[in-house]
Every structure is written in structure tokens, then in C-alpha cells.
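All values below were derived from every heavy atom in this structure, side-chain atoms included, with hydrogens, water molecules and symmetry-related copies excluded.
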Amino acid sequence: MQTFMIPGTIFMSLLAGALFGVIKGGILVVFTATAGASSCYFLSKLIGRPLVCWLWPERLRYFQSEIAKRKDKLLNYMLFLRITPTLPNTFINMASPIVDIPFHIFFAATLIGLIPASYITVKSG
């Protein structure tokens with residue numbers, strides 16, 4: 001569901017909590033959400049990046065240069081985006097490869113940053 005941006009993942013998290021409990025359900029939700037986000041990352045890199053490069057090349061270069069200036073604090077920035085509910089995760093999944101966020105930083109931030117929200121959702125289930 002996360003890969004193709006289908007809404008309803010929160011209901012799957014609630015169900016995982018009801019069926020497997022907090023610990024097993026939380027681990028399941030975090031790892032499947034990270035796998036889905038990673039798949040969306042690569043799908044966006046494959047399809048979205050060439051499209052954005054073709055439609056808005058100068059804006060893309062601007063955002064890429066801004067990301068390049070902040071390479072040393074990129075993990076902190078990505079963790080902040082993942083933990084706070086300011087931006088939808090779908091947007092982060094799609095925009096990260098387009099603006100040159102390295103996959104290892106994306107993966108680590110996603111894995112760690114989804115834990116608090118996943119815990120709350122699984123605990124509610």
C-alpha cells in the first residue's frame with residue numbers, strides 16, 4: 001500500500017496491533033512500512049525524477065543544490081521530517097530521490113522515524 005500510495009495503511013497498523021500485539025505488531029509495521037517506503041523511493045527515482053527533470057529543470061537544480069549544502073546534517077533533517085507530522089510520508093517518499101537524498105540516509109531515517117507513530121497506532125489496535 002505504501003509503495004503505490006494507497007491510503008489505508010493506518011488501518012493495517014491497527015489490525016497488526018490487534019492480531020499480533022504491540023511488540024510483534026510494531027516490528028511488523030515498522031519493517032513493512034520501511035520496505036514500502038523504500039519501494040516508493042525507487043519507483044519515484046525511476047519514473048518521477050526524469051519527469052521532474054524534464055518539466056522543471058531549474059527548480060530541480062535549485063533544490064538539489066540546497067540539499068548538497070546540508071549533506072552533513074541530512075540524517076537529522078530526514079528524522080525531523082519523519083517524526084513530525086508536518087509533511088505526509090508519501091511526499092517524503094516521492095521527493096527524496098528527486099532531490100538527491102542518498103538511499104542509506106532515507107532508509108535509516110525512515111526506519112527510526114516511523115517507530116513513534118507506529119507504536120501509537122499499533123498500541124491503539
Side-chain angles (χ1 to χ4, degrees):
M1 293 176 81
Q2 192 95 25
T3 301
F4 298 108
M5 298 155 288
I6 300 170
T9 54
I10 193 164
F11 301 114
M12 301 302 273
S13 299
L14 290 169
L15 184 63
L19 292 176
F20 302 113
V22 177
I23 301 297
K24 289 181 185 175
I27 291 169
L28 178 71
V29 166
V30 168
F31 281 106
T32 55
T34 302
S38 298
S39 299
C40 186
Y41 176 97
F42 288 118
L43 193 62
S44 178
K45 188 172 191 170
L46 182 69
I47 297 170
R49 187 179 176 129
L51 187 64
V52 170
C53 190
W54 179 64
L55 291 173
W56 303 288
E58 57 279 339
R59 285 188 184 175
L60 180 60
R61 279 192 293 275
Y62 170 74
F63 285 120
Q64 287 173 339
S65 69
E66 291 297 314
I67 293 295
K69 289 179 193 174
R70 294 162 178 83
K71 279 283 189 200
D72 55 337
K73 298 189 189 278
L74 211 47
L75 181 62
N76 293 340
Y77 180 67
M78 289 297 293
L79 276 172
F80 174 77
L81 290 177
R82 284 290 185 192
I83 292 173
T84 58
T86 55
L87 284 175
N89 283 335
T90 303
F91 176 76
I92 298 168
N93 297 344
M94 291 177 58
S96 293
I98 295 172
V99 295
D100 289 335
I101 304 286
F103 179 70
H104 67 280
I105 291 175
F106 174 84
F107 183 82
T110 301
L111 188 65
I112 296 166
L114 290 179
I115 292 173
S118 296
Y119 174 78
I120 292 169
T121 309
V122 170
K123 181 78 172 166
S124 298

**OP:** Applying ring pair (Phe, Tyr, Trp, His ring centres under 6.0 Å), name anything that partners Tyr119, two or more places apart in sequence or on another chain.
**Re:**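 Partners of Tyr119 under the ring pair (Phe, Tyr, Trp, His ring centres under 6.0 Å) test: none.
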
Subject >> Phe42: partners by ring pair (Phe, Tyr, Trp, His ring centres under 6.0 Å), with sequence neighbours left out >> reply: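 Expected list: Phe103.
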
Would you give the length of the straight line joining atom [atom1] of [X] to atom [atom2] of [Y], rounded to the nearest 0.5 angstrom?
X      : Y      : atom1 : atom2 : result
Ile101 : Leu75  : CD1   : CG    : 10.5 Å
Leu111 : Ser38  : CG    : OG    : 9.0 Å
Ile67  : Ile105 : CD1   : CD1   : 10.0 Å
Arg49  : Asp100 : CZ    : CG    : 4.0 Å

Original post:
Taking side chain as C-beta onward, heavy atoms only, is Cys40 less than 4.5 Å from Met94?
Top reply: yes

Subject >> Thr9, Val122, Leu14 screened by side-chain contact (heavy atoms from CB on, under 4.5 Å) with Val29, the one that passes >> reply: Val122

Taking all atoms of both residues into account, what is the closest heavy-atom pair of [X] and [Y], and its distance?
X      : Y      : answer
Phe107 : Thr34  : CE1-CG2, 3.4 Å
Lys45  : Pro50  : O-CD, 3.7 Å
Thr110 : Ala37  : CG2-CB, 3.9 Å
Ile92  : Phe106 : O-CE1, 4.1 Å
Ala109 : Leu79  : O-CD2, 3.7 Å

Original post:
Considering residues, nucleotides and ligands other than Ile10, do more than 12 of their heavy atoms fall under 6.0 Å from its CD1?
Top reply: no

Subject >> Whether over 12 other heavy atoms sit under 6.0 Å from Lys71 NZ >> reply: yes

Subject >> side chain to side chain contact (heavy atoms under 4.5 Å, CB included) evaluation trace for Tyr77 with Leu81 >> reply: CA-CA 6 Å; Tyr77 180 67; Leu81 290 177; 3.6 Å; yes

Pair up each side-chain donor or acceptor in residues 52-61 with any protein partner under 3.5 Å, not counting sequence neighbours, and list the distances.
none

